[in-house]
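These notes concern the structure reproduced below.
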Protein chains: 2
Amino acid sequence: MTNIQEVARVAGVSTATVSRFLSGQTVRSGEAIQNAVRTLGYSPSVVARSLKSGRHGAIGVIVPDITNPFFAALVKGINHEVRASGYQVILGNSDEDAPQEEALLAALTQRTDGIIIAPLVEGDLSLVRLEKSRTPVVLVDRDITFATRFDRVLVDNLSGSRQAVEHLAALGHRAIAHIGGPLGSTPGRARHEGFVAAMERLGLPVRQDLIRISDFREEGGRDSMRDLWNQPDRPTAVFIANNLMTIGALNALHVLGARIPHDISVVGFDDVALAELLDPPLTVIRRPDIEQGAASARLLLSRLEQDFEPDASLSQSHRITLPVQLVVRGSTSAPAHREREQE
Amino acid sequence: MTNIQEVARVAGVSTATVSRFLSGQTVRSGEAIQNAVRTLGYSPSVVARSLKSGRHGAIGVIVPDITNPFFAALVKGINHEVRASGYQVILGNSDEDAPQEEALLAALTQRTDGIIIAPLVEGDLSLVRLEKSRTPVVLVDRDITFATRFDRVLVDNLSGSRQAVEHLAALGHRAIAHIGGPLGSTPGRARHEGFVAAMERLGLPVRQDLIRISDFREEGGRDSMRDLWNQPDRPTAVFIANNLMTIGALNALHVLGARIPHDISVVGFDDVALAELLDPPLTVIRRPDIEQGAASARLLLSRLEQDFEPDASLSQSHRITLPVQLVVRGSTSAPAHREREQE
DNA sequence: TCGATTACTGTAATCGATTACAGACAGAGG
DNA sequence: CCTCTGTCTGTAATCGATTACAGTAATCGA
């Protein structure tokens with residue numbers, strides 16, 4: 001790799017002059033430097049530059065599982081927003097493993113100017129440590145109360161659960177089940193709370209035997225669904241708190257030979273690819289996934305610009321909540337007549 | 001951020017001693033240094049380290065579209081393999097944009113020790129430039145003949161096409177259509193060639209009116225399928241060269257009201273999520289996507305280790321071809337009796 | 001007791017770019 | 001002709017870690 005000394009030598013000037021020319025100042029021997037740069041194929045070392053300046057020209061993104069279409073879409077939104085700004089996006093995949101997430105966090109705080117993360121565990125020590133540093137951080141889908149320094153980009157989980165329950169209730173369902181995510185995580189907790197609140201508001205029974213708290217994974221959804229189905233007093237509808245568990249539940253129902261929506265209506269949180277081509281097409285709560293990424297990126301970028309004028313660093317942390325939307329397809333209908341016996 | 005000087009000062013030794021202690025050498029005041037490191041919360045700057053050493057402890061991965069499940073799986077496989085080695089994975093998404101890919105390549109060659117890439121354009125100038133550098137490179141899905149320095153990890157496209165055609169032919173199809181990818185790309189070219197070769201070997205007519213060369217995207221698949229369907233002399237089966245085009249084609253057939261497999265049998269290349277829950281379940285050529293990522297990572301890592309012993313750098317570039325496998329589900333069957341009229 | 005060996009330590013150069021500082025030089029104004 | 005101003009330039013310090021080199025002290029054997 002050619003370095004700035006080489007360029008200076010060839011152009012017959014000092015390295016300071018080359019550096020100044022490259023940063024846009026007018027110098028006498030600009031043309032000679034230009035030529036030297038071209039013939040040598042010189043481009044400045046980003047490593048040396050960031051050692052001197054402390055800035056990396058990159059932002060870090062940490063997700064638990066890049067094969068989850070939601071996170072892929074999130075990353076796409078981030079990328080799209082960051083592209084014009086000249087920053088690099090460095091993506092880390094923690095594989096849902098807390099130690100690995102911590103390692104990623106440590107590595108990326110050293111290589112980037114700011115981080116977008118959907119942390120696995122909300123009370124994590126590494127987050128506490130992170131808050132003490134002055135790295136700008138945007139949390140996705142996590143409404144952590146103690147971390148007031150962090151910006152947060154959420155979706156309206158409560159509204160999503162309410163829309164799902166109201167839709168099912170309007171169709172005549174009373175025995176509505178819920179497969180939820182971990183209550184230690186914001187989406188798990190909020191969607192569960194939203195479900196319970198909506199049921200109560202509509203005067204429907206909140207039956208603990210129809211609520212399964214699972215893990216946001218496909219296997220968890222499968223097992224919970226099988227479990228619910230094998231109950232003596234089966235639900236006529238189920239609201240499932242994320243995409244992967246919905247897929248698992250659909251698989252379970254398929255294997256069990258259940259007819260959707262005749263035997264059971266299904267509403268999932270998060271749209272899934274091919275939802276329209278499924279048998280039947282899946283009714284879901286859809287969230288603006290790409291937009292959620294874009295909003296996170298905008299927040300982070302604005303904070304990075306802000307960092308240049310340090311007096312503004314007192315500014316409050318932002319908290320954005322994006323709306324979600326019920327998309328009715330074929331997996332929900334009025335309950336079959338079996339429901340009448342129960343009334 | 002505390003630096004090594006600070007640690008040296010607190011421990012009462014020189015920076016050289018601290019550095020030596022941290023790299024595992026035995027020093028007299030190890031305990032004092034240990035304490036200083038702990039109380040100061042010191043961790044060495046990776047930026048300074050890579051400026052000095054020229055190594056970054058990171059590998060770069062560039063994909064055209066992270067929301068394509070194949071690339072997401074590829075990245076997962078890479079991550080999984082790299083995890084133990086202590087390297088970071090830095091992922092770049094070119095969004096199928098050549099200038100952005102080139103910018104990513106330039107940025108990542110500066111920040112990483114080696115690159116795994118599935119380039120957009122095979123004859124790209126930036127690839128030629130890359131070959132002249134001595135950055136280790138692994139190409140995924142691209143069998144570029146001029147770039148002999150690069151390792152390559154491919155799948156057996158020819159075999160995949162053959163398996164698809166033989167399956168359809170065995171069911172009795174003769175009017176088999178093909179929706180292909182760009183012939184300038186290895187997968188597009190090889191799958192098309194494999195299709196033609198298999199048809200000829202079985203004595204089936206290769207009808208140009210049933211071949212559409214498209215772009216590997218969902219819209220391309222949709223348009224091509226609609227086009228094929230609206231022909232006077234429709235095919236009874238179609239083999240589609242990748243996942244996204246298959247999804248597009250399924251959408252088109254859904255909108256057109258075609259019944260699968262009664263009206264038309266469908267085989268896709270690349271498995272798709274939920275394939276089993278589709279109506280009907282989709283028959284596909286499945287490739288080992290995660291394994292393809294893992295193999296790429298192994299190749300790159302071994303080359304990075306090799307770099308320590310420079311005499312071995314003469315070693316040949318590797319070329320790995322992974323097998324693919326036909327997965328028969330419900331979207332293929334014998335052609336309906338309309339076929340008889342044509343015979 | 002002396003020289004040789006071993007085991008450790010500190011000084012200072014180095015990686016490549018940026019930038020504070022001071023010096024050089026031209027042109028303007030008195 | 002002298003001084004002052006403005007514009008450009010080079011020298012050298014700096015970012016934080018690594019490491020060649022030289023030096024010191026302790027230990028061992030003769």
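Lettering follows sequence order; numbering is per chain, from 1. From a predicted model like this one, the values you see are computed outputs, not experimental measurements.
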Integer-rounded Å distance: [N] [atom2] and [X] [atom1]:
{"X": "B/Q110", "N": "C/dC15", "atom1": "CD", "atom2": "C1'", "answer": "14 Å"}
{"X": "B/I33", "N": "D/dA17", "atom1": "CD1", "atom2": "C1'", "answer": "14 Å"}
{"X": "A/H56", "N": "C/dA17", "atom1": "NE2", "atom2": "C1'", "answer": "14 Å"}
{"X": "B/Q25", "N": "C/dT6", "atom1": "CD", "atom2": "P", "answer": "17 Å"}
{"X": "B/I4", "N": "C/dG10", "atom1": "CD1", "atom2": "P", "answer": "12 Å"}
{"X": "B/L40", "N": "D/dG16", "atom1": "CG", "atom2": "P", "answer": "14 Å"}
{"X": "A/L22", "N": "C/dT18", "atom1": "CG", "atom2": "P", "answer": "7 Å"}
{"X": "A/F21", "N": "C/dA17", "atom1": "CZ", "atom2": "C1'", "answer": "16 Å"}

Closest to side chain of [X], choosing from [options]:
{"X": "B/T17", "options": "C/dA17, C/dG10, D/dT11", "value": "C/dG10"}
{"X": "A/Q5", "options": "C/dG16, C/dC8, D/dA17", "value": "C/dG16"}
{"X": "B/K52", "options": "C/dT14, D/dT19, C/dA17", "value": "C/dT14"}
{"X": "B/N3", "options": "C/dG16, D/dG16, C/dT9", "value": "D/dG16"}
{"X": "A/R28", "options": "D/dA17, C/dG16, D/dT9", "value": "D/dT9"}
{"X": "B/L51", "options": "C/dA17, C/dG16, D/dT11", "value": "C/dG16"}

Reckon [X] touches a base, only the sugar-phosphate, or nothing at all at heavy-atom distances under 4.0 Å?
{"X": "B/V47", "value": "nothing"}
{"X": "A/Y42", "value": "sugar-phosphate"}
{"X": "A/S19", "value": "base"}
{"X": "B/T26", "value": "sugar-phosphate"}

Does D/dG29 pair with anything, Watson-Crick or G-U wobble, both distances under 3.5 Å, and if so, with which nucleotide? C/dC2
By nearest heavy atom, map A/S29 and B/V18 onto DNA chain D; which one lands nearer the 5' end? A/S29
Quick one: on DNA chain D, does B/S43 or B/R20 contact a more 5' nucleotide (nearest heavy atom)? B/S43
Say whether [X] and [Y], considering side chains only, have a donor N or O and an acceptor N or O under 3.5 Å apart.
{"X": "A/T186", "Y": "A/E122", "value": "yes"}
{"X": "B/D141", "Y": "B/Q292", "value": "yes"}
{"X": "A/S94", "Y": "A/E102", "value": "no"}

Flag the pair B/Q88 / A/L104 as yes when at least one side-chain heavy-atom distance between them is below 4.5 Å, and no otherwise. yes
Here's a test of your reading of the structure: between B/V27 and A/S45, which maps to the more 5' nucleotide of DNA chain C? B/V27
Quick check on A/H318: does its NE2 atom have over 12 non-hydrogen neighbours (other residues, nucleotides or ligands) under 6.0 Å away? yes
Run the salt bridge (charged side-chain N to carboxylate O under 4.0 Å, His left out) test on B/D65 and A/K76 for me, step by step, so that the C-alpha distance in whole Å, both residues' side-chain angles and the decisive distance to 0.1 Å come before the verdict. CA-CA 8 Å; B/D65 178 12; A/K76 185 176 203 146; 3.6 Å; yes
